[in-house]
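A short worksheet on the structure shown next.
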2 protein chains.
Amino acid sequence: MDLDQQAGATGLPAPGGGRVTMQQVAAEAGVSVSTVSKVLNGRYGVSPATSEHVMGVITRLGYEASLVARSLRNRRTNVIGVLVADFEPFSTEVLKGAADAIRGSGFELVAYSAGGRVDEHVGWERRYLSRVMGTLVDGAVLVTPTVTDVQYDGPVVAVDPHTGRSSLPTVAGDNLQGARLGVDHLLGLGHTRIGMVTGRPDLVSAQLRERGYREAHAAAGLVVDEDLLALGAFEAEQARVAAHHLLSLPDPPTAVFAANDRSALAVLEVAAERGLEVPGDLSVIGFDNVPESALSDPPLTTVEQPIRRMGHDAVALLLSLLDGDEAAATQLTLPTTLVTRRSTAAPSTSRD
Amino acid sequence: MDLDQQAGATGLPAPGGGRVTMQQVAAEAGVSVSTVSKVLNGRYGVSPATSEHVMGVITRLGYEASLVARSLRNRRTNVIGVLVADFEPFSTEVLKGAADAIRGSGFELVAYSAGGRVDEHVGWERRYLSRVMGTLVDGAVLVTPTVTDVQYDGPVVAVDPHTGRSSLPTVAGDNLQGARLGVDHLLGLGHTRIGMVTGRPDLVSAQLRERGYREAHAAAGLVVDEDLLALGAFEAEQARVAAHHLLSLPDPPTAVFAANDRSALAVLEVAAERGLEVPGDLSVIGFDNVPESALSDPPLTTVEQPIRRMGHDAVALLLSLLDGDEAAATQLTLPTTLVTRRSTAAPSTSRD
DNA sequence: CTGTTAGCGCATTCAA
DNA sequence: TTGAATGCGCTAACAG
């Protein structure tokens with residue numbers, strides 16, 4: 001039998017569909033599966049001749065080892081999992097950062113989402129983790145988990161966990177400082193009646209942002225009007241309701257601080273529907289700086305979390321954890337910054 | 001020391017790490033694995049009493065079936081794979097669209113990337129496919145594959161394939177029309193010396209965009225100056241070189257049409273480095289409209305492909321294919337549109 | 001140097 | 001109603 005590339009003439013991979021298995025390669029090459037396995041993994045104990053021959057059959061048949069079968073058998077898979085509730089602007093930014101960090105590490109990246117079946121249970125991250133950890137992936141990054149008391153054998157890092165202090169290594173933005181930044185910006189512009197569309201009350205990130213809002217007021221010697229706080233719950237529909245409520249107040253706010261960009265974008269929509277000019281009649285500021293926030297009309301002023309970097313650092317941390325560096329386990333807090341675009345301005349001097 | 005499972009009476013979920021397997025559930029419940037399996041999958045032939053008891057143990061232990069083991073055993077996994085070369089702005093937009101389409105379908109979504117080890121081989125999609133198709137996923141969406149002559153048992157849909165007519169169902173933007181749109185915009189502004197930073201010559205999408213560029217010139221009765229075409233290869237570094245080349249020409253272009261946003265953004269950078277005002281001294285237009293294109297300074301005018309919708313339609317198509325609807329296999333071409341932002345303007349009237 | 005054996009975690013026969 | 005046996009595709013012992 002001839003050796004390698006000669007088969008290029010026929011070169012038809014996977015004739016007739018159905019994936020090629022190691023069995024078929026072995027049969028085709030006239031050797032045993034274990035020999036194929038050894039060749040594939042570069043194990044010693046195979047003669048150069050057979051090795052080359054098998055290699056030829058492998059490429060000719062276009063064989064690739066099944067990730068699943070290999071994962072089931074091996075303890076190490078060289079795959080990192082990123083577990084998200086959904087693929088939306090925030091989580092995909094994290095993904096980009098994760099990809100930056102994984103490059104050249106020899107690891108592969110799998111992002112896993114349950115396709116919106118999430119809201120059923122709060123503890124989605126726990127279920128996902130059980131499904132993939134220890135089999136499909138060597139370690140995992142949890143994006144905005146709602147619970148972090150999980151405890152598994154493999155290393156796990158949480159990005160922007162919405163819950164309080166956890167046992168997990170964590171990468172998060174500085175929510176408190178960020179909120180201060182945002183509200184101070186509004187205050188500095190001359191606003192004194194600043195509404196807030198709050199996040200989900202059970203999540204610490206939301207609590208921190210509200211606290212920043214309050215602290216900023218206190219620092220400015222202002223008393224917070226509790227009527228100016230409306231529940232947005234981090235999601236668009238609820239934020240719309242909140243915005244309508246705020247703007248219907250007898251003495252409506254001249255500016256709104258939204259707990260995240262998604263909410264801020266909703267506020268922008270509502271303002272437009274009500275014929276309000278932004279920032280002429282109403283200033284709006286968000287939180288996150290997802291790319292989409294620059295696409296709105298007007299482009300959104302917002303508090304930036306370095307999302308990509310959070311993804312990057314989370315994976316880097318995970319990688320060193322995987323490398324046995326227990327000292328790497330830590331709680332990283334990344335600074336937030338103000339991104340001034342065009343949805344904020346000084347309050348109009350002439351108001352009724 | 002033995003960290004055996006003394007969890008018996010304690011009822012602590014996953015004590016001390018190590019994922020919970022069906023074996024452990026069975027042992028804890030005092031039944032066989034097959035019984036646990038039946039309970040888990042709602043098979044008939046289990047007494048209500050045992051069923052309930054086992055169920056209790058399952059929740060108490062926080063057991064979740066391993067995705068991998070289940071995939072290996074079952075033909076159907078109810079998981080859709082999205083295979084990407086890397087997580088970058090384009091592919092993540094597709095992902096968002098895919099998530100939109102998957103919601104409520106009962107399927108889950110797995111996005112898989114080899115972590116930048118791609119450029120080694122052109123046929124990354126073939127390798128990925130072999131690794132996951134038929135085991136981990138029921139069907140796959142290939143994002144910007146470079147080869148589409150793959151032929152596997154499971155259904156596969158390609159999004160924005162860079163190669164020519166393929167045997168695969170496909171969702172793509174209208175590259176030819178889009179390029180016409182972009183160049184016509186420049187022409188309409190009064191530009192007559194329009195440079196082009198081209199894409200990878202081996203990819204049909206790039207060829208089409210160049211053809212649109214030429215056709216637009218022809219339609220306007222203009223002859224294309226071949227010196228005004230420079231290779232950008234769809235990536236930043238090469239595009240920078242191309243931009244420098246173009247702008248160093250004795251009679252430089254007053255506008256540049258870049259084959260994709262990534263290249264256009266690179267042109268913007270180079271222009272800034274050379275002290276050129278955009279759009280005062282130079283107009284720049286891109287292709288894709290990834291969210292990032294709005295973040296540049298100035299915000300980029302570009303030809304939009306409905307990327308999210310492409311992802312959505314690809315998954316929808318895949319789902320109906322999975323449903324046995326062979327007629328769904330088709331080549332979808334989605335219209336492109338012009339997004340006018342601030343990187344294009346009429347050429348300055350006074351030039352040397 | 002090569003093939004045989006066993007088993008990863010699970011679902012499905014088939015017997016008991 | 002239940003459990004023991006079988007095998008998905010692969011790798012790691014061990015035996016030949």
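Letters A, B, ... are given to chains in the order of the sequence lines, protein chains preceding strands, and every chain is numbered from 1. Given the structure is predicted, the values throughout are model-derived calculations rather than measurements.
- In this structure, B:Arg126 does not pair ionically with A:Glu64, as no charged nitrogen and carboxylate oxygen lie closer than 4.0 Å.
- A:Asn74 has its CG atom 17 Å from the P atom of D:dG9, to the nearest Å.
- Atom CZ of A:Phe90 sits about 4.5 Å away from atom CD1 of A:Ile307, to the nearest 0.5 Å.
- In this structure, CZ of A:Arg43 is placed 12 Å from C1' of D:dC10, rounded to the nearest angstrom.
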Review point. Which is it for B:Thr77 and B:Asp138 under the side chain to side chain donor-acceptor pair (under 3.5 Å) test, yes or no, and what are the steps along the way?
Key: CA-CA 6 Å; B:Thr77 62; B:Asp138 294 337; 3.0 Å; yes

Practice item. Please step through side-chain contact (heavy atoms from CB on, under 4.5 Å) for the pair A:Val132 and A:Leu83, ending with a clear verdict. Key: CA-CA 10 Å; A:Val132 298; A:Leu83 275 39; 4.2 Å; yes

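- Of the candidate nucleotides D:dT2, D:dA12, D:dT11, D:dT2 has the atom nearest to the side chain of B:Thr35.
- Put simply, the side chain of B:Thr21 gets close to the backbone of B:Gln23: a donor and an acceptor are under 3.5 Å apart.
- Residue contacts shown for A:Tyr44 are absent, as no nucleic acid heavy atom lies under 4.0 Å away.
- Among the atoms of the strands shown, none is found under 4.0 Å from any heavy atom of B:Val33.
- The shortest distance between side-chain heavy atoms of A:Glu93 and A:Met310 does not fall below 4.5 Å.
- The interatomic distance linking B:Arg75 (CZ) with D:dC8 (P) rounds to 12 Å, in whole Å.
- Between the NZ atom of B:Lys38 and the C1' atom of D:dA5 there is a distance of 12 Å, rounded to whole Å.
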**Study point:** Worked check of side chain to side chain donor-acceptor pair (under 3.5 Å) between A:Ser113 and B:Glu108
**Key:** CA-CA 6 Å; A:Ser113 155; B:Glu108 301 180 349; over 6 Å; no

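- Across all strands, A:Val68 comes closer than 4.0 Å to no nucleic acid atom at all (heavy-atom distances).
- One interatomic measurement links the two molecules: CG of A:Asn41 to P of D:dA13, which rounds to 12 Å at whole-angstrom precision.
- Here A:Ser71 lies out of heavy-atom contact (under 4.0 Å) with every strand.
- For the pair B:Met22 CE and D:dG3 P, the interatomic distance rounds to 12 Å; values are reported in whole Å.
- Remark: A:Ser34 is not in phosphate contact with D:dA12, judged by side-chain N or O atoms under 4.0 Å from OP1 or OP2.
- Secondary-structure annotation of DNA chain D gives the stems C:3-16 with D:1-14, with a stem taken as at least 3 successive Watson-Crick or G-U pairs whose two distances both fall under 3.5 Å.
- Distance CZ (B:Arg73) to P (D:dC8): 9 Å, rounded to an integer number of Å.
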Exercise for review: Show your working on side-chain contact (heavy atoms from CB on, under 4.5 Å) between A:Phe87 and B:Ile102 and close with a plain yes or no.
Suggested key: CA-CA 11 Å; A:Phe87 290 115; B:Ile102 210 90; over 6 Å; no

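- First and last contacts of DNA chain C with chain A, using any nucleotide atom under 4.0 Å from a protein heavy atom and ordered 5' to 3', fall at C:dC1 to C:dG9.
- Between the CZ atom of A:Arg76 and the P atom of D:dA12 there is a distance of 14 Å, given to the nearest Å.
- Backbone-only contact: A:Ser66 has heavy atoms under 4.0 Å from sugar-phosphate atoms and none from a base.
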Practice item. Take A:Arg103 and B:Asp86, measure what salt bridge (Lys or Arg N to Asp or Glu O under 4.0 Å) needs, and give me the verdict at the end. Key: CA-CA 9 Å; A:Arg103 214 159 289 148; B:Asp86 193 10; 2.8 Å; yes

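- Using modelled atom types and a 3.5 Å distance limit, the side chains of B:Ser47 and B:Thr50 yield a donor-acceptor pair.
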